[in-house]
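Read through the structure below, which is laid out as C-alpha cells, and then see the notes.
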There are 2 protein chains.
Amino acid sequence: MPRSTRRRPALAHPAVEEIDLYDVLHALSDPTRMTIVRILRAEPERACGTFPVDVAPSTLSHHFKVLRESGVINQREEGNRRFSALRTVDLERRFPGLLDTVLAALARNEHGAELGAEPAWHG
Amino acid sequence: MPRSTRRRPALAHPAVEEIDLYDVLHALSDPTRMTIVRILRAEPERACGTFPVDVAPSTLSHHFKVLRESGVINQREEGNRRFSALRTVDLERRFPGLLDTVLAALARNEHGAELGAEPAWHG
DNA sequence: ACCCAGTTTCGTCGTTTGTCGAACATCGCA
DNA sequence: TGCGATGTTCGACAAACGACGAAACTGGGT
C-alpha cells in the first residue's frame, strides 16, 4: 500500500514577493503566535512541541499553520518532528524593519505599561 | 427635556501607557482601516465622512471606533462633524517606529509584489 | 509486528469580526 | 419649529477565529 510511497504534501509557504502585509499583521496580532515569534527570534530553529505555550496541541498546530501561511515562519520536516524558524531574511527583504520594530514594541507592551511613563501627556 | 442639557458621552481614548500592541496590530490588519490611517498620515485632521472608502456609514463608524479604542486615532467633535487624527506622537512614544515602519511596509505591499524582486531566493 | 511520541486533520463549539439597513441623535440653518 | 446633513447605535447575519477532543497519520524504537 502507499505506505512510504505516498509523500506527505509539501508544506505551503508563500514566496517572498507574495507575503501579504495584512496576513502578517493578523498573524502577529495574537498573543500565542507572538510568543512563538519572540522565542523563535532567539534561536535559529525549534521543534513545534517544545514551545512553552499553554494550549492544546491541535491549537498550537493551527497557530503554526497561520504563521507559516502568512510567511512569518518556515517549517521543515525532520523525521517525526517539525522544525520552525523565523523567515527573518525574507521578511526583512519584503518589509524592511517590520519584524524588529514589532518585536521591540512587544517588549514595551509587556513591562512598558507601568514603568517609564513621563508625568502625563495629551496628544 | 434634556435636549442640550445631556452631554454626549465623551469619546473613549486609551491613555498612552494603555495602548496595547495587539489591539494596534489588529486595528491595522484590516484594509479599510489601513486606508484610513494612510490618508490620515498625510493630513493633520479629517472629517469622518470625507474618506474615500466604499463602505456603509455604519461600517465606517465601526472602523473608526476600532481605531480610536485601540489608540491609533484621536477623535474630536466639532458641531455636527467628528474629526479624526492620527495619534502619531503617542504611538511614537509607546511603540517607537512602529507606525512609520508599518506604513512603509504598506507601500511595498501594494506595488511591491510585481516589482523589485531579485532573481529568486529561498529562506 | 507492535506501540509510542510527535503533529496534523477533522468536527464542533462559542465568540468575534465585518458588513449592512433601519432607527435614532445632534447640530446648523431656514 | 422643522428639515437636512452628519454620525452613531442597534440588531441581524454570514464568515472567520481560537479553542478543544477525538481520530489518524508518521517515523523511530522495542
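We name chains A, B, ... by the order of the sequence lines, and we start the count at 1 in each one. In what follows, every heavy atom counts, from backbone to side chain, and hydrogens, waters and symmetry copies are set aside.
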Please report the distance, rounded to the nearest Å, between [atom1] in [X] and [atom2] in [N].
X	N	atom1	atom2	result
A:Glu77	C:dT7	CD	C1'	10 Å
B:Asp30	C:dT17	CG	P	11 Å
B:Asn80	D:dT8	CG	P	11 Å
A:Lys65	C:dT9	NZ	C1'	8 Å
B:Leu11	C:dT26	CG	P	13 Å
B:Leu60	C:dG21	CG	C1'	15 Å
B:Arg82	C:dT26	CZ	P	12 Å
B:Phe83	D:dG7	CZ	P	8 Å

Mind checking if B:His62 touches a base, just sugar-phosphate, or nothing, with heavy atoms under 4.0 Å?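 If one applies the 4.0 Å heavy-atom cut-off, B:His62 turns out to touch a base.
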If you look at every strand shown and take non-hydrogen atoms under 4.0 Å, does B:Val66 touch a base, only sugar-phosphate, or nothing? nothing
Closest to the [X] side chain: [options]?
X	options	result
B:Pro57	C:dT8, C:dT19, D:dT8	D:dT8
A:Arg33	D:dG18, C:dT7, C:dT19	D:dG18
A:Cys48	D:dC20, C:dC20, C:dT7	C:dT7
A:Val55	D:dC20, C:dT9, D:dG18	D:dC20

Taking the nucleotide of DNA chain D with the nearest heavy atom to each, does B:Gly49 or A:Asp54 sit closer to the 5' end?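 It is B:Gly49, whose closest nucleotide lies nearer the 5' terminus.
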Atom of A:Leu25, atom of B:Met34 and distance for their closest heavy-atom approach: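 So the two residues come closest at CD1-CE, 3.7 Å.
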Locate the shortest heavy-atom distance separating B:Arg81 from B:Ala47; write the atom from each residue and the value.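 Here B:Arg81 and B:Ala47 meet closest at CD-CB, 3.8 Å.
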Say whether, by atom type as modelled, one donor and one acceptor occur between the side chain of [X] and the main chain of [Y] under 3.5 angstrom.
X	Y	answer
A:Ser61	A:Ser58	no
B:Arg108	A:Arg94	yes
B:Gln75	B:Ala85	no

[N] phosphate, OP1 or OP2: any side-chain N/O from [X] under 4.0 angstrom?
X	N	answer
A:His26	C:dT17	no
B:Thr59	C:dC20	yes
B:Ser61	D:dT8	yes

Let's test your reading of the model: under 3.5 Å, does the base of D:dG21 pair with the side chain of A:Ser58 as donor and acceptor? yes
